[in-house]
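Here is how names work: the chains are called A, B, and so on, in the same order as the sequence lines, proteins then strands, and each is numbered from 1. Scope of the values below: all heavy atoms of this structure, side chains included, with no hydrogens, waters or symmetry mates.
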Number of protein chains: 2
Amino acid sequence: MISFDTFKPTEGTPIYQQILLYIKRGAVAGTIRDGDELPSRRVLSALLGINPNTVQKAFHLLEEEELIVSQAGAKSVMKITEEKIQKLREDLLREDIRSITGALRQMGISREEAFKLIDQFWEEEETEALRSIFL
Amino acid sequence: MISFDTFKPTEGTPIYQQILLYIKRGAVAGTIRDGDELPSRRVLSALLGINPNTVQKAFHLLEEEELIVSQAGAKSVMKITEEKIQKLREDLLREDIRSITGALRQMGISREEAFKLIDQFWEEEETEALRSIFL
DNA sequence: CCAACTGTATTAGTTCTATAATACAGTCAA
DNA sequence: TTGACTGTATTATAGAACTAATACAGTTGG
């Protein structure tokens with residue numbers, strides 16, 4: 001069963017899109033694999049404290065993109081080939097990197113400065129992650 | 001008069017927020033300076049092909065953040081001190097860098113791989129920018 | 001001065017996001 | 001088998017984002 005323990009909703013972005021991204025990124029990372037069961041719409045919505053219809057919207061889109069298969073009565077299941085994962089990886093990375101480089105260049109930040117900043121935040125989040133594990 | 005020549009609306013994000021960001025980032029980059037006149041609501045909305053009320057919403061928020069001053073009958077004017085610019089710089093950078101490092105780590109991308117990707121896109125956009133100038 | 005431009009305000013309608021309350025039919029384990 | 005769980009569908013409501021049309025008051029240049 002796919003876990004949503006590390007799912008942190010952000011304000012400003014539609015929740016159903018965040019669920020979509022969370023699963024796609026998990027697939028790219030390899031923490032979510034082909035054949036994995038997803039939590040039911042009702043259970044997940046209760047866990048996240050949101051409406052079942054919002055989860056349904058996200059899952060419906062995953063179904064349309066043929067990343068999961070659903071069948072009335074049974075839990076939805078991940079259905080991802082290595083090929084799909086590669087495509088996901090490229091698409092998600094391109095979008096993410098494009099947005100950040102665009103933003104930084106627009107602010108007149110040099111590449112060197114950008115690297116320094118990313119380095120800094122990377123370590124910060126690393127220590128944050130560790131802290132949450134050991135507390 | 002502040003130019004919106006390099007403004008490229010993206011789908012998925014509210015337009016008024018994109019206008020807000022465009023101006024803030026311009027202030028951080030130094031291309032938009034204290035005392036600069038903004039185009040009128042009507043003119044800018046016509047240029048961007050959007051509704052005047054959408055521009056008004058963005059400008060109203062800039063007014064609330066005390067980055068511009070407006071007065072009925074006259075054009076709005078940038079009103080930014082060096083202190084405000086520094087604060088903007090920190091806020092925008094933190095938000096941008098945080099989102100990208102979060103996304104990359106969630107996909108299991110290493111720091112080295114991230115740098116390589118950013119390097120690649122940085123050059124791509126550079127050549128794109130040059131192409132648009134020389135064509 | 002005054003016409004053309006400015007910022008500001010109001011009302012109305014559409015689409016999208018999210019919630020809420022049901023209802024129905026298929027699956028599955030006890 | 002059967003009861004509890006599944007996915008799916010429908011209808012209603014509310015707020016945000018965006019468009020549209022209009023109105024009014026202040027400024028500014030010719």
What are the atom names and distances for every N/O pair under 3.5 Å that joins the protein to nucleotides 2-6 of chain D?
unit_1 : atom_1 : unit_2   : atom_2 : d
dT6(D) : OP1    : Ser40(A) : OG     : 3.1
dT6(D) : OP2    : Ser40(A) : OG     : 3.3
dT6(D) : O3'    : Ala74(A) : O      : 3.3
dT6(D) : O2     : Gly73(A) : N      : 3.1

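- For the pair Phe59(B) CZ and dT6(C) P, the interatomic distance rounds to 11 Å; values are reported in whole Å.
- Remark: of the listed residues Asp34(A), Ile32(A), Val69(A), Ile32(A) is the sole one forming a side-chain contact (heavy atoms from CB on, under 4.5 Å) with Met78(A).
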Report, one pair per line, the protein and nucleotides 15-19 of chain D atoms (nitrogen or oxygen only) whose separation is under 3.5 Å.
unit_1  : atom_1 : unit_2   : atom_2 : d
dA17(D) : OP1    : Tyr16(B) : OH     : 2.7
dA17(D) : OP2    : Lys57(B) : NZ     : 2.8
dC18(D) : OP1    : Ile15(B) : N      : 2.7
dT19(D) : OP2    : Asn51(B) : N      : 3.3
dT19(D) : OP2    : Thr54(B) : OG1    : 2.6

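- Taking a cutoff of 4.0 Å between a charged side-chain nitrogen and a carboxylate oxygen, Glu123(B) and Arg111(A) qualify as a salt bridge.
- The backbone N or O of Lys75(A) lies less than 3.5 Å from no partner atom in the side chain of Glu37(A), so there is not a single donor-acceptor pair.
- In this structure, a donor-acceptor pair under 3.5 Å is present between the side chains of Ser76(B) and Arg41(B).
- The closest side-chain donor-acceptor pair between Thr31(B) and Arg25(B), if any, does not fall under 3.5 angstrom.
- With respect to the salt-bridge test (charged N to carboxylate O, under 4.0 angstrom), the residues Glu113(A) and Arg89(B) qualify.
- For Glu11(A) and dT17(C), the CD to P distance is 17 Å, given to the nearest whole Å.
- Residues Leu61(A) and Leu92(A) fall within the same hydrophobic cluster, defined by Ile, Leu, Val, Met, Phe, Trp and Tyr side chains chained together at heavy-atom separations under 4.5 Å.
- The separation between Ile68(B) atom CD1 and dT6(C) atom P is 15 Å, rounded to whole Å.
- Taking atom CG on Leu44(B) and atom P on dT6(C), their separation rounds to 11 Å, with Å as the unit.
- Look at CD on Gln56(A): it is 17 Å from P on dA20(C), rounded to the nearest Å.
- Between His60(B) atom NE2 and dT8(C) atom P the separation is 8 Å, expressed in whole Å.
- Ring planes of Phe7(A) and Tyr22(A): perpendicular class, angle over 60° (limits at 30 and 60°).
- If you take CG of Leu48(A) and P of dA18(C), they are 12 Å apart, rounded to a whole angstrom.
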